[in-house]
Every structure is written in C-alpha cells, then in structure tokens.
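Have a look at the structure below before the remarks.
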Amino acid sequence: MKAQIMRLIIQIFVVLSQIINVGGSHFQGGMITWKYKDNQVYITYTVSFNNHYCDNATILNKILVNGEGSLVCYRGCEDTSTKTLVTRLSYYCTEFSEDDNWTYGQRTLNVTFPSTSDNIYVFGHRSGDWASLVDGGSSWSLIATANLTIRQDNGRINSSPIAAMQPFVTVNKNCAMPYALRIPVHDEDGDVVRCRWATNSITDECGGVCNILRNSVLDQSNCILYINAIPVTGHYAVAFQIEDFGNQQDTIAFSSIPLQFIINVIGGTTMCDTKPRIETPVIDIPSNTMYHQTIIARSTVSQIAEVNIVSPVGFIKSELLRYGSSNDRWYVNVTWTPTNEDIGINIFCYTAIDVYRQASDQECKKLKIIDAEGCASSPCSNGASCTQQINGYMCKCAVGFTGIFCETDIPNLCHT
C-alpha cells in the first residue's frame with residue numbers, strides 16, 4: 001500500500017512539474033516533415049524539451065507526453081475559419097536522457113489543406129522559450145513549406161525530405177577542429193537534397209537562434225556542418241532548412257523542412273581519440289514484420305553510460321548491459337514492429353555516451369518499409385514492375401511501353 005501511494009505521489013508530482021514548466025525556458029529543438037499518401041497530407045513533428053517527463057514505461061506504452069503550443073498554417077489557409085492545424089503538440093516520447101536532461105519524441109497526424117490557386121502551404125510551430133543558451137535563445141520557430149501541385153516530371157504530388165539528428169550533440173572544444181557533423185537525409189522521390197542555414201529574411205524560420213555558429217561552415221550539397229573553434233563551453237542551438245530539388249541546376253525547392261538541435265560544447269580533459277565508438281555486427285532481420293538490432297558501444301578508457309537513439313515511434317530499447325565478459329564493450333537491443341503508417345524510408349540513428357559525457361559519432365541506418373500487398377493492387381500495367389513509394393507507386397515499364405503507369409504502347413517498338 002505504501003509503495004502504491006508513493007507511486008501515485010510521484011505521478012502527481014510529474015504532472016504538476018510539467019504544468020509548472022510550460023512557461024519556462026526548455027525548448028531544445030525539433031523538426032517538421034510531411035508526406036502525401038492516399039489523398040492525405042501526413043505531418044510528422046519532432047520536438048525535444050528539458051523538464052518534460054519520460055521513462056521506459058512511457059515509451060513502451062506509447063503514452064502521450066503533454067505538448068506545448070499549436071501547429072499553425074501561415075500561408076494557404078486564409079479562406080478558412082481557423083488556421084490552427086493541431087491545437088496541442090503532444091508527442092510520443094522515443095528517447096530521453098536523465099544525465100543531460102532532455103526528452104525527444106514525435107507524432108504523425110493527417111491534415112486536410114484547403115484548395116488554393118498555387119497549392120503552396122507554409123505551416124509551423126512558434127512559441128517560447130529556448131533552454132538556456134550561450135548565445136541567442138528566447139522564442140523558437142519551426143517552419144515548413146509544402147507544394148501540393150502535381151509534379152510534371154513524375155506525375156505525383158511531392159513529399160518532403162526526411163532527416164535524423166540527435167537532439168543533444170556533444171562536442172569537446174579541446175579536440176582538433178573543425179568538427180564534422182553529418183546530417184543524414186533522404187528523399188523518397190529521389191530528389192536532390194540540400195541543407196542551408198535558416199533565416200528570418202522573409203519568413204521567420206528560426207526565432208531567436210538565426211545567427212548562431214555562423215563562423216562554422218555548412219556544406220550545403222552534402223549536409224555536413226564543420227564546426228570551427230568554440231572558446232566557451234555550454235549549449236548552442238543550430239537551425240537548418242532541408243530542401244529538395246528536381247535536379248542539381250534547380251534553384252526553387254519543392255519543399256522546405258526545419259531541423260534544429262542543441263550542440264553541447266564541453267571542455268573535457270580526456271584524450272579526443274578515446275571517445276566511444278559504435279560497433280554494429282551484421283544481424284539477420286526476421287522475415288516477419290519485426291526489426292531487431294544489437295548496438296554495441298566500445299570505450300577503452302571509461303565505461304559507457306548510455307546509448308541514445310533517434311527513431312520513429314514504437315522502437316523499444318533494452319537496458320544497457322555489459323557485452324559478455326568484455327571490460328570495454330556495452331550493448332543495448334532495439335526492436336521495432338512497423339505499421340502501414342511507416343511505409344517508405346525511415347532513418348534510425350544511435351550514439352554512445354561515456355561517463356565523461358564524450359559522445360561517439362552518430363551512426364544511422366535507412367529502414368525501408370514496403371507494403372507488399374499494396375503493390376499487388378497497383379495501377380501498373382502491361383507487365384510493369386511495381387515499387388512502393390510513400391505517396392503511391394513507381395512503375396518500371398517493360399520494353400515497348402511508357403507512361404506513368406506504363407499504359408502507352410510505343411509505336412514501332414517490339415515488346416519483350
């Protein structure tokens with residue numbers, strides 16, 4: 001009975017702490033992506049906060065964490081009675097860190113936009129305040145742009161790129177600079193993807209963190225941030241826009257999505273070449289729907305404290321354990337059973353942290369979920385093969401046929 005009372009008291013305290021912290025400084029970044037599927041727009045927002053409660057039970061049971069603010073349409077919804085797309089951005093926690101005090105999670109919701117003359121929509125999440133930063137802060141702004149016009153090059157409606165990044169990236173300022181931070185990106189339509197700094201020149205894309213770390217160099221074509229020397233330890237926010245283009249020469253993007261996260265600069269005394277590294281053995285994926293992976297982290301000078309993941313909703317991570325009789329390896333197991341909502345490419349990333357808060361390089365995998373039954377009923381014709389896409393099907397025509405669905409017979413060409 002006493003144990004039950006104590007658990008109840010803790011739960012009440014957690015709820016009250018979330019309510020108290022709503023107006024505080026606690027935002028630590030996020031991302032907004034979208035995809036078009038089955039005549040619906042599916043918006044996925046990812047957010048990170050400190051002082052939000054999450055534990056393994058919250059993740060396992062897919063409990064919604066109280067969110068903050070709204071998802072608002074800023075362009076394309078002028079003729080509707082309300083511009084609010086989602087009234088409260090609650091989210092499913094997918095990872096947390098007690099040592100570094102952050103939670104991270106996401107949620108996907110389908111949205112119906114009104115018809116407009118150009119089918120271009122700007123939507124996002126604005127509020128305040130950022131967690132305590134060395135430079136900048138105050139209000140945050142995550143802004144995405146979607147063009148829902150049917151594309152002339154493939155006859156389909158575009159979907160945005162996707163990306164994945166740890167919400168809290170640790171960099172040792174005493175290590176050799178520049179520090180290369182690669183942002184893993186993917187575009188299901190096969191478009192050219194570029195990354196750029198967010199700006200407030202036209203649309204306020206980045207709130208109070210628009211000009212942070214601009215002395216660093218961003219390789220826009222490869223989405224790599226090269227961080228130069230940073231004299232002061234502490235937290236820095238970076239804000240990017242990730243955009244997709246039909247080809248290398250295009251200058252007008254099909255879509256634009258925000259990615260913002262914290263860079264934690266430390267002044268560690270350990271040698272830089274002793275930071276942890278991830279060791280991932282080759283694992284057979286079962287033929288059923290469950291995905292499984294063992295993530296092994298190694299540190300030759302200290303103990304691994306945690307392995308953090310960036311994943312879609314539904315990933316289950318085991319507790320951290322020593323790997324066999326080894327004195328320098330630790331591991332976690334992760335499992336995931338994707339649903340039809342996860343069809344397409346999903347990015348899964350992981351990072352190891354040691355007891356000195358040194359972080360390994362982020363490792364990522366692209367997990368492609370395919371609806372085999374969906375392809376069986378696709379509109380591809382004349383013997384074409386079907387490839388599942390997040391917003392429809394891709395038909396690969398047999399010799400002698402052309403068209404989006406391979407419905408057109410090419411004259412004077414022999415068929416196979």
Side-chain angles (χ1 to χ4, degrees), residues 17-18 20-32 45-52 54 67-69 89 91 95-105 124-143 163-175 177-181 183 195-201 203-218 225-242 257-268 308 310 351 353 357-359 362:
S17 65
Q18 288 192 33
I20 292 171
N21 286 320
V22 163
S25 301
H26 47 277
F27 183 71
Q28 296 194 149
M31 180 173 61
I32 300 175
Y45 57 84
T46 305
V47 287
S48 178
F49 294 93
N50 61 26
N51 297 325
H52 276 204
C54 176
E68 303 176 26
L89 264 68
Y91 60 95
E95 185 61 292
F96 66 97
S97 173
E98 294 180 349
D99 292 331
D100 292 323
N101 186 26
W102 54 260
T103 63
Y104 187 75
H125 179 33
R126 290 171 174 160
S127 190
D129 288 327
W130 273 88
S132 179
L133 301 174
V134 172
D135 188 12
S138 186
S139 64
W140 74 74
S141 180
L142 297 172
I143 299 297
M165 178 55 63
Q166 295 284 340
F168 203 81
V169 179
T170 299
V171 176
N172 190 334
K173 81 179 186 69
N174 295 324
C175 295
M177 294 290 179
Y179 177 91
L181 181 62
I183 303 167
C195 299
R196 64 170 174 84
W197 294 103
T199 70
N200 57 6
S201 58
T203 301
D204 183 8
E205 298 172 330
C206 38
V209 295
C210 287
N211 296 298
I212 309 303
L213 293 182
R214 290 300 181 91
N215 62 322
S216 299
V217 177
L218 176 61
L225 176 65
Y226 294 96
I227 303 173
N228 297 313
I230 304 175
V232 179
T233 60
H235 297 169
Y236 297 81
V238 290
F240 301 127
Q241 294 293 127
I242 302 173
I257 64 169
L259 172 65
Q260 299 176 18
F261 54 92
I262 293 286
I263 293 180
N264 175 37
V265 179
I266 63 173
N308 296 327
V310 176
T351 304
I353 313 291
R357 310 316 297 164
Q358 286 233 97
Q362 178 175 258

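Heavy-atom basis, side chains included; hydrogens, waters and symmetry copies ignored.
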Checklist entry - For Cys206 and Gln260, which heavy atoms make the closest approach, and how far apart are they? => result CA-NE2, 4.0 Å

Next on the checklist: Test of understanding: with side chain to side chain donor-acceptor pair (under 3.5 Å), list the residues that count as partners of Ser97, not counting sequence neighbours.
Outcome noted: Glu306

Checklist entry - With a 4.5 Å heavy-atom cut-off, do Tyr104 and Asn308 have their side chains touching? => result no

Next on the checklist: Is it the case that the side chain of Gln166 and the backbone of Gln362 share a donor-acceptor pair, with hydrogens and angles ignored and the cut-off at 3.5 Å?
Outcome noted: no

Next on the checklist: According to side chain to side chain donor-acceptor pair (under 3.5 Å), who are the partners of Asp100, at least two apart in sequence or on a separate chain?
Outcome noted: Arg357

Checklist entry - Can you name the side chain to side chain contact (heavy atoms under 4.5 Å, CB included) partners of Ile212, sequence neighbours left out? => result Asp135, Val209, Tyr236

Checklist entry - Where the side chain of Ser48 meets the backbone of Thr103, is there a donor-acceptor pair that is under 3.5 Å apart? => result yes

Item to check | Donor-acceptor pair, side chain of Gln241 and main chain of Ile143, under 3.5 angstrom | outcome: yes

Next on the checklist: Over 60° means perpendicular and under 30° means parallel, so tell me whether His52 and Tyr91 are parallel, tilted or perpendicular.
Outcome noted: parallel

Next on the checklist: Using every non-hydrogen atom in the two residues, find where Cys195 and Ile242 come nearest and quote the distance to one decimal.
Outcome noted: SG-CG1, 3.9 Å

Item to check | Ring centers of Phe27, Phe49 separated by less than 6.0 Å | outcome: yes

Item to check | Stepwise side-chain contact (heavy atoms from CB on, under 4.5 Å) test for Thr170 and Asn264 | outcome: CA-CA 5 Å; Thr170 299; Asn264 175 37; 3.5 Å; yes

Item to check | From Arg196 atom CZ to Leu218 atom CG, the distance as rounded to the nearest 0.5 Å | outcome: 10.5 Å

Item to check | Leu259 side chain reached by Thr46 side chain, heavy atoms, under 4.5 Å | outcome: no

Checklist entry - Checking ring-ring contact (aromatic ring centres under 6.0 Å, His included) for the pair Trp102/Phe96: CA distance, chi angles, key distance, verdict? => result CA-CA 6 Å; Trp102 54 260; Phe96 66 97; 8.0 Å; no

Checklist entry - For His26 and Glu68, which heavy atoms make the closest approach, and how far apart are they? => result NE2-OE1, 2.5 Å

Checklist entry - Looking at Phe168, Phe261, Trp130, which hits ring-ring contact (aromatic ring centres under 6.0 Å, His included) with His235? => result Phe168

Item to check | Where Asp204 and Cys210 come nearest, the two heavy atoms and their spacing | outcome: OD1-SG, 4.3 Å

Checklist outcome for this item: The side chain to side chain donor-acceptor pair (under 3.5 Å) partners of Ser141 (sequence neighbours excluded) come to Arg126

Item to check | Gap separating the CD1 atom of Ile32 from the NE2 atom of His125, nearest 0.5 angstrom | outcome: 7.5 Å

Next on the checklist: Any non-hydrogen side-chain atom of Ile263 less than 4.5 Å from a side-chain atom of Leu213?
Outcome noted: yes

Next on the checklist: Quick check for you: to the nearest 0.5 Å, what is the distance between Gln28 atom CD and Leu133 atom CG?
Outcome noted: 8.5 Å

Next on the checklist: If I take atom OH from residue Tyr226 and atom CG from residue Leu181, how far apart are they, to the nearest 0.5 angstrom?
Outcome noted: 10.5 Å

Checklist entry - So, for Ser216 and Leu225, which heavy atoms are closest and what is the spacing to 0.1 Å? => result CB-CD1, 3.9 Å

Item to check | Partner set under side chain to side chain contact (heavy atoms under 4.5 Å, CB included) for Asn211, not counting sequence neighbours | outcome: Arg214

Next on the checklist: Just to verify, what does Thr199 make a side chain to side chain donor-acceptor pair (under 3.5 Å) with, not counting sequence neighbours?
Outcome noted: Ser201

Checklist entry - Among Val232, Ile227, Thr233, which residue meets the side-chain contact (heavy atoms from CB on, under 4.5 Å) test with Lys173? => result Thr233

